[in-house]
Every structure is written in C-alpha cells, then in structure tokens.
Amino acid sequence: MPAQRIFGLDCLRALAIVLVLFSHMFNGLELFGIVGVELFFVLSGFLIGGILVKSLEKQQGFNWRDLRQFLIRRFLRTLPNYYLFLLIYSIFERIVSPDITKSAAVYLRYSLFLQNFAWPNPSGYFSHSWSLCIEEWFYFFTSITLFLILKIIGNNESSRFKALGLTALTFIIIPNFLKFRFGSEFDDLRMIVIFRLDAIMYGVFISILKNRFPQVWGKGFSLAILGLLISAVAIFLNGQSSTGEAIALSLMPIGFSLLIPGIYNLSRTQTQVDKLVEWTATLSYSIYLSHIIIYFGLQGPFGYNNMSVIAKLLYKAFSLVLIFAGSYCIYRFYEKPVTDLRDRLTREIPARSS
C-alpha cells in the first residue's frame, strides 16, 4: 500500500527542485541551488528518521532483519535511477566528446559513490551526483552505526532511543569536527561526503521530535520562524570566509529542518495547484538527474550561445517541457516499476531474530 503523500512535504520537495532548476538555468542564482539541495537533505533525513523510529518502536526493535530491509529499500529506491543516468551520461559524453577518454577507475569511483567521499570530484563528470553520494553514505553509515550501538548497549525498549540519540550525535559531532578542522583546505566543502553527513541528520532529529516530543512539534509556527532566522544568518555567512562557510553549512540544514513542523500540516488549496505540486514532487528525483543533460546537452545543437535574449527564454521554456516530459517517462516506465518491485521483494523477506 503506497504511503499517503503529505502535502506540506511535497511543497518543500517541489520548491527544492524548482530552486535547483533555476540555479542552473539562470546565471547569478547559485544560492537557489544551494538552498534546494539543503532542503532535499533535511527532507531525506526526516523520512529516514521516521523509518528508524517505527523500527525501534516494534517489539523486536531494530534487528538484523530491519537493517537488511532498510538498506535494501533505500538502495532500491535510489540506485536504479542513479545507475541509469550514470550510463546515459557516459554514452552522451562519448558521443559529444569522442576525444575524451576516462579510465576504468573513474567509472569505478562513480559506481561505488567515491567521487567526492573525502575530496572534491576530480573529474567534474556527472557533477551533480555529489549530493547523491552524501545521501547513499548516510543511509549506510547511520543504519550500521545504530545497529552496532544496539548490539553494544542492548536492543531493549529502554535503550533503543538512547541508541538513536547516540547515532544522531555521532553524525553531527564528527562531520562538524572535520568541517572546522580540515574544511579550510577545500574549495568544495559543501560537496564532500565526510563533511556533510550532519546535513541529513538534522532532518532525523526533527522526525524524532515529531514522534517523541509532540508538545515541541506542535509549536510548528514558532519553530519555522526560528528556522527562517537561522537560515538567514547561514545564507549571510556563506562565502564570507572558510570559517563562515563551515558555520553556514552547519546552520543552514538546522534552519531548514525547523521549517518542517511548520509546513507539515499545510492545507491543500483544492485547486489544480495541488496536482502540480504533487506531480513536481513525485518527479523531483528524475528531474534532478536528467535536467543537466537535457538543458545543457541541447544548447550546442540549438546554437544557444548565438540566440537573442527572447530566443534564450524560449529555449529555457522548451527545455523545461522536455525535462518534465522526460522525467515523467522515466518515472512512469522505470522508477515506479522498480519501486513497486522493491515493495514486493521486501515484503517477501522472511522474519528472523537478531
């Protein structure tokens, strides 16, 4: 049974992908892309937090079967689209730049999500995959850490949420320590996995807030105002200096995560806007992966650089139509069937004690 969509979260997803699109289609809007990706991070954390909390609330807690099922479900949700576009980008590059050759090591790095693990992406190829690397390693590291902590302190009712709290603190303290200790050595701090795992963990904290502290969660408007203030400070500090960037990258996801309680119960408008928001949110993953190759890949054949201002605007509008149409086809004929298969496979995993 598919999960019921939350309109407030769909609004944030739709906003996030629109900001990313605008940042790549219009010069000078790089900040839009930064905000969009950070929104995606906290939304992912909120989703993951909800899954982990439900697992911990079960009688058997978060055991081996839960760990296995969690990783299978997350990877089957994200990896098929990722590898599809890794193949598409590889083929496209060979067609448009046959003189550029890449070693097998480059493709291996991308296949294992190592292109920006503890260093900037050395090749620039499939460049926007950096955020997916952060998410995939987050899924892996946090679930394994939670499982191991439970093994150490005991998988019983009194220790389960202590284990989740310790896991959350681990993935906030360590990335921030690394960020402030070594971050000044890198120009692409925002895009390096080991420095950014905390960005997703703040969303997990908000999910814990929703499930375990309803009185605080209920103060959604106040939390949202606080989140906006923190976000404004982060945006101001971003780019001021290496220390300012590190502070901004720590504050920004905190601020954005605090928006979730305020917008979670947002009412539908009962107009076609609702369908547009839900449709955009549903296609957001495919849009994120496809928009670069469509928008920039067609500029050469269309002679974009020689176009007038009006013609360029028409090209952007045409590109958006292609991006949404292509993303719908990918979702309808590839992403959704794979997700449905994932649901059938994970339902068939037999129960097993830890």
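Throughout, numbering of the chain's residues begins at 1 and tracks the sequence. Keep in mind it's a predicted model, so treat the numbers as computed, not measured. Values below: every heavy atom of this structure, side chains too, minus hydrogens, waters and symmetry copies.
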Subject >> Intermediate values then yes/no, side chain to side chain contact (heavy atoms under 4.5 Å, CB included), D198 and F171 >> reply: CA-CA 5 Å; D198 62 310; F171 286 94; over 6 Å; no
To the nearest 0.5 Å, tell me how far [X] [atom1] sits from [Y] [atom2].
{"X": "L150", "Y": "T145", "atom1": "CG", "atom2": "OG1", "value": "11.0 Å"}
{"X": "S242", "Y": "I247", "atom1": "OG", "atom2": "CD1", "value": "9.5 Å"}
{"X": "Y334", "Y": "N81", "atom1": "OH", "atom2": "CG", "value": "6.0 Å"}
{"X": "I263", "Y": "F7", "atom1": "CD1", "atom2": "CZ", "value": "8.5 Å"}

Would you say [X] and [Y] make side-chain contact, with heavy atoms under 4.5 Å?
{"X": "D187", "Y": "P120", "result": "no"}
{"X": "L251", "Y": "F256", "result": "no"}
{"X": "I330", "Y": "F85", "result": "yes"}
{"X": "E38", "Y": "V42", "result": "no"}
{"X": "L289", "Y": "L132", "result": "yes"}
{"X": "P175", "Y": "I194", "result": "no"}
{"X": "R73", "Y": "I51", "result": "no"}
{"X": "K210", "Y": "F46", "result": "yes"}

What do you reckon, is [atom1] of [X] surrounded by more than 12 foreign heavy atoms closer than 6.0 Å?
{"X": "F324", "atom1": "CZ", "value": "yes"}
{"X": "F180", "atom1": "CZ", "value": "yes"}
{"X": "Y107", "atom1": "OH", "value": "yes"}

Please list every donor-acceptor pair under 3.5 Å in which a side-chain atom of residues 8-23 meets a protein atom from a residue at least two apart or in another chain.
from: D10; atom 1: OD1; to: R5; atom 2: NE; distance (Å): 3.4
from: D10; atom 1: OD1; to: R5; atom 2: NH2; distance (Å): 2.7
from: D10; atom 1: OD1; to: R13; atom 2: NH1; distance (Å): 3.0
from: D10; atom 1: OD2; to: R5; atom 2: NE; distance (Å): 2.8
from: S23; atom 1: OG; to: V20; atom 2: O; distance (Å): 2.7

Not counting sequence neighbours, which residues clear ring pair (Phe, Tyr, Trp, His ring centres under 6.0 Å) with [X]? List them please.
{"X": "F138", "value": "none"}
{"X": "Y315", "value": "Y295, F302, Y304"}
{"X": "F195", "value": "F186"}
{"X": "Y82", "value": "F113, F126"}

Original post:
Can you pull the salt bridge (charged side-chain N to carboxylate O under 4.0 Å, His left out) pairs that have at least one residue in residues 295-315, sequence neighbours excluded?
Top reply: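 For residues 295-315: none.
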Donor-acceptor pairs are to be reported for all side-chain atoms of residues 157-169 against protein atoms at under 3.5 Å, with residues two or more places apart or in another chain.
from: S158; atom 1: OG; to: N156; atom 2: OD1; distance (Å): 2.8
from: S159; atom 1: OG; to: G154; atom 2: O; distance (Å): 2.2
from: S159; atom 1: OG; to: N156; atom 2: N; distance (Å): 3.3
from: S159; atom 1: OG; to: N156; atom 2: O; distance (Å): 3.2
from: S159; atom 1: OG; to: N156; atom 2: OD1; distance (Å): 3.0
from: R160; atom 1: NE; to: N155; atom 2: OD1; distance (Å): 3.3
from: R160; atom 1: NH1; to: L56; atom 2: O; distance (Å): 3.3
from: R160; atom 1: NH1; to: K58; atom 2: O; distance (Å): 2.8
from: R160; atom 1: NH2; to: Q59; atom 2: O; distance (Å): 2.6
from: T167; atom 1: OG1; to: A163; atom 2: O; distance (Å): 2.8

**OP:** Apply side chain to side chain contact (heavy atoms under 4.5 Å, CB included) to the pair S286 and Y328, showing each step before the final yes or no.
**Re:** CA-CA 8 Å; S286 293; Y328 173 77; over 6 Å; no
Looking just at side-chain N and O atoms, do [X] and [Y] make a donor-acceptor pair shorter than 3.5 Å?
{"X": "S129", "Y": "Y89", "result": "no"}
{"X": "S131", "Y": "Y288", "result": "yes"}
{"X": "T271", "Y": "T269", "result": "yes"}
{"X": "N121", "Y": "Y110", "result": "yes"}

Listed partners of [X] passing salt bridge (Lys or Arg N to Asp or Glu O under 4.0 Å), at least two apart:
{"X": "R332", "value": "none"}
{"X": "E135", "value": "none"}
{"X": "K336", "value": "D340"}

Original post:
Can you hop from I293 to F296 via hydrophobic side chains spaced under 4.5 Å?
Top reply: yes
**OP:** Using the side chain to side chain contact (heavy atoms under 4.5 Å, CB included) rule, pick out the option among N211, I208, I260 that qualifies with W217.
**Re:**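 Looking at N211, I208, I260, the match for W217 under the side chain to side chain contact (heavy atoms under 4.5 Å, CB included) is I260.
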**OP:** Please assess R109 against V106 for the test side chain to side chain contact (heavy atoms under 4.5 Å, CB included), listing each intermediate value before the final yes or no.
**Re:** CA-CA 5 Å; R109 279 201 302 270; V106 171; 3.5 Å; yes
Acceptor/donor pairs from residues 219-230 side chains to any protein atom, 3.5 angstrom cut, sequence neighbours excluded:
none

Original post:
Sequence neighbours excluded, which residues qualify as side chain to side chain donor-acceptor pair (under 3.5 Å) partners of E278?
Top reply: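 With sequence neighbours excluded, E278 shows a side chain to side chain donor-acceptor pair (under 3.5 Å) to no residue whatsoever.
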Original post:
What are the two closest heavy atoms between G50 and S207, and how far apart are they?
Top reply: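 Looks like N-OG, 2.8 Å.
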Original post:
Is there a side chain to side chain contact (heavy atoms under 4.5 Å, CB included) between E245 and L237 once you walk through the steps?
Top reply: CA-CA 6 Å; E245 183 182 14; L237 291 173; over 6 Å; no
**OP:** Might you work through the ring-ring contact (aromatic ring centres under 6.0 Å, His included) test for H291 and H128, ending with a clear yes or no?
**Re:** CA-CA 10 Å; H291 75 281; H128 57 302; 5.7 Å; yes
**OP:** Kindly indicate, with the supporting measurements, whether the criterion salt bridge (charged side-chain N to carboxylate O under 4.0 Å, His left out) is fulfilled by R77 and E335.
**Re:** CA-CA 8 Å; R77 172 67 184 91; E335 183 179 335; 3.0 Å; yes
